[in-house]
Amino acid sequence: MAKSPSIPPRFTLRQLHYFVTAARAGQLSVAAAEINISQSAMTLAIAELERLLGTLLFERNRGGVKLTYEGHAFLQHAQAVLELASEAARFPFHHRTDVSGRLELAATYTVQGYFLLPAVAKFMKLFPLVELVPLELPRLQIERQLHDGRIELAALLLSNLDAPQQLHLQPLAYSRRRLWVSATHELAERSTVQWSDIARYPYIVPTVDDAHRNAMRYWQSAGIEPASVIRTSSMEALREMVALGLGVTILSDLVFRPWSLEGRRIQAVAVEGHLPVMEVGLAWNRERPLSPAAQAFREFLAMSSSTPANGE
């Protein structure tokens, strides 16, 4: 007699939404408040999801929750499922259009690698007549070329612009900044840390997307200096140094991963006091109307990220 195939676990979009929200918030109470449900409902939904999957997704401690290795792997799938469901709701009757043309889309290192490319791939499927060419450029070069008309549209960190008032801006996403430490670091279990705590350790700074300039601004605002500064152009090297306990850093959740390339754990901890939020978005010249291809991409990205598309 043939063996019946095993039935895959049947979880709901709501459970996935609760799980992703909790993973981002790091605390079940904060996640529950964010989506306006009780903490007990959040706890029960995630516990049921873990039961269905047959594995723990979170480690629980006094400071909140953090993803297990299995939880981190499942998070990527959960986010992909929720994104597909969101797209189905936003574009239920969207057909391929006759918009055509060539669009050279400039982007900085961080935005290109951690935010933009999946949207580019989806846009190209919906608008097959548009030739979209991603260009990775430094922020300063993008600003100059937007002003003189050599670049039509760019995706970058709006919070890093020198003269934002001279451009049309379309915010797309916001990302908080936190302290990254090794999972075995003495600061890892803190709910928040002070600048005086951070200053005792070597501070690691990536040399891309104005990260060094931003970091120095934080330290100047705090009126304190780190014990020493380590610079690197590699995000993977930075993660490995943090995971090995060779130093600490402050970066946004957009680029955070709880594991280094070698599988070592990294923990993100809130910093007391004000840290500016990273703002990702589109920018274009105020004096030059967008081409049909650029306008189509702008509207697509605005709708995908659920932000207003008025360009201000």
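Treat the numbers as computed from the prediction; the structure is a model and nothing was measured.
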Which is it for R286 and Q166 under the side chain to side chain contact (heavy atoms under 4.5 Å, CB included) test, yes or no, and what are the steps along the way?
CA-CA 7 Å; R286 283 186 174 274; Q166 298 180 19; 5.9 Å; no
Look up atom [atom1] in [X] and atom [atom2] in [Y], then write down how far apart they are to the nearest 0.5 Å.
X    : Y    : atom1 : atom2 : answer
L161 : L167 : CG    : CG    : 6.5 Å
I204 : I250 : CD1   : CD1   : 12.0 Å
M235 : L261 : CE    : CG    : 12.5 Å
L146 : L156 : CG    : CG    : 7.5 Å
I35  : T21  : CD1   : OG1   : 4.5 Å
L251 : L238 : CG    : CG    : 6.0 Å

Are any of the side-chain heavy atoms of [X] and [Y] separated by less than 4.5 Å?
X    : Y    : result
I198 : V271 : yes
Q267 : H185 : no
L157 : E279 : no
Y203 : E225 : no
L129 : V99  : no
I230 : P202 : yes
E131 : E104 : no
Y69  : H72  : no

Is the charged tip of R265 near the ring of W259: under 6.0 Å from the six-membered ring centre and within 45° of its axis?
yes
Taking the six-membered ring for Trp and the single ring otherwise, decide whether the centroids of F58 and F19 are under 6.0 Å apart.
yes
How close do [X] and [Y] get, counting heavy atoms only, and between which atoms?
X    : Y    : result
I142 : I151 : CA-CD1, 4.2 Å
P134 : V120 : CG-CG1, 4.5 Å
P276 : R177 : O-NH1, 2.7 Å
M278 : S159 : CA-OG, 3.9 Å
A296 : F127 : CB-CE2, 4.0 Å
Q27  : G64  : CG-CA, 4.0 Å

Atom CD of Q165: over 12 foreign heavy atoms under 6.0 Å
yes
Using 4.0 Å as the upper bound for N to carboxylate O, is an ion pair formed by [Y] and [X]?
X    : Y    : value
R178 : D253 : yes
E48  : R14  : no
K66  : E189 : yes
R190 : D197 : yes

Output yes when a side-chain donor or acceptor of [X] lies under 3.5 Å from a complementary backbone atom of [Y], and no otherwise.
X    : Y    : result
S182 : A243 : yes
Q76  : A73  : no
D148 : R150 : yes
S175 : L254 : yes

Grouping I, L, V, M, F, W and Y whenever their side-chain heavy atoms are under 4.5 Å apart, do [X] and [Y] come out in a common cluster?
X    : Y    : result
L179 : I224 : yes
V30  : I46  : no
L117 : Y114 : no
L52  : L13  : yes
M124 : L103 : yes

Tell me, with the steps shown, if E70 and L56 meet side chain to side chain contact (heavy atoms under 4.5 Å, CB included).
CA-CA 7 Å; E70 293 77 11; L56 287 177; over 6 Å; no
Check: [X]/[Y] side-chain N/O donor and acceptor closer than 3.5 Å:
X    : Y    : value
Q39  : S29  : no
N214 : N160 : yes
T108 : T110 : no
T232 : S234 : no
S291 : E152 : yes

Give the intermediate values and the outcome of side chain to side chain contact (heavy atoms under 4.5 Å, CB included) for residues L116 and L301.
CA-CA 9 Å; L116 188 64; L301 209 55; 4.1 Å; yes
Begin from the C-alpha positions of L67 and E59 and carry the test side chain to side chain contact (heavy atoms under 4.5 Å, CB included) through to its verdict.
CA-CA 6 Å; L67 290 166; E59 295 175 4; over 6 Å; no
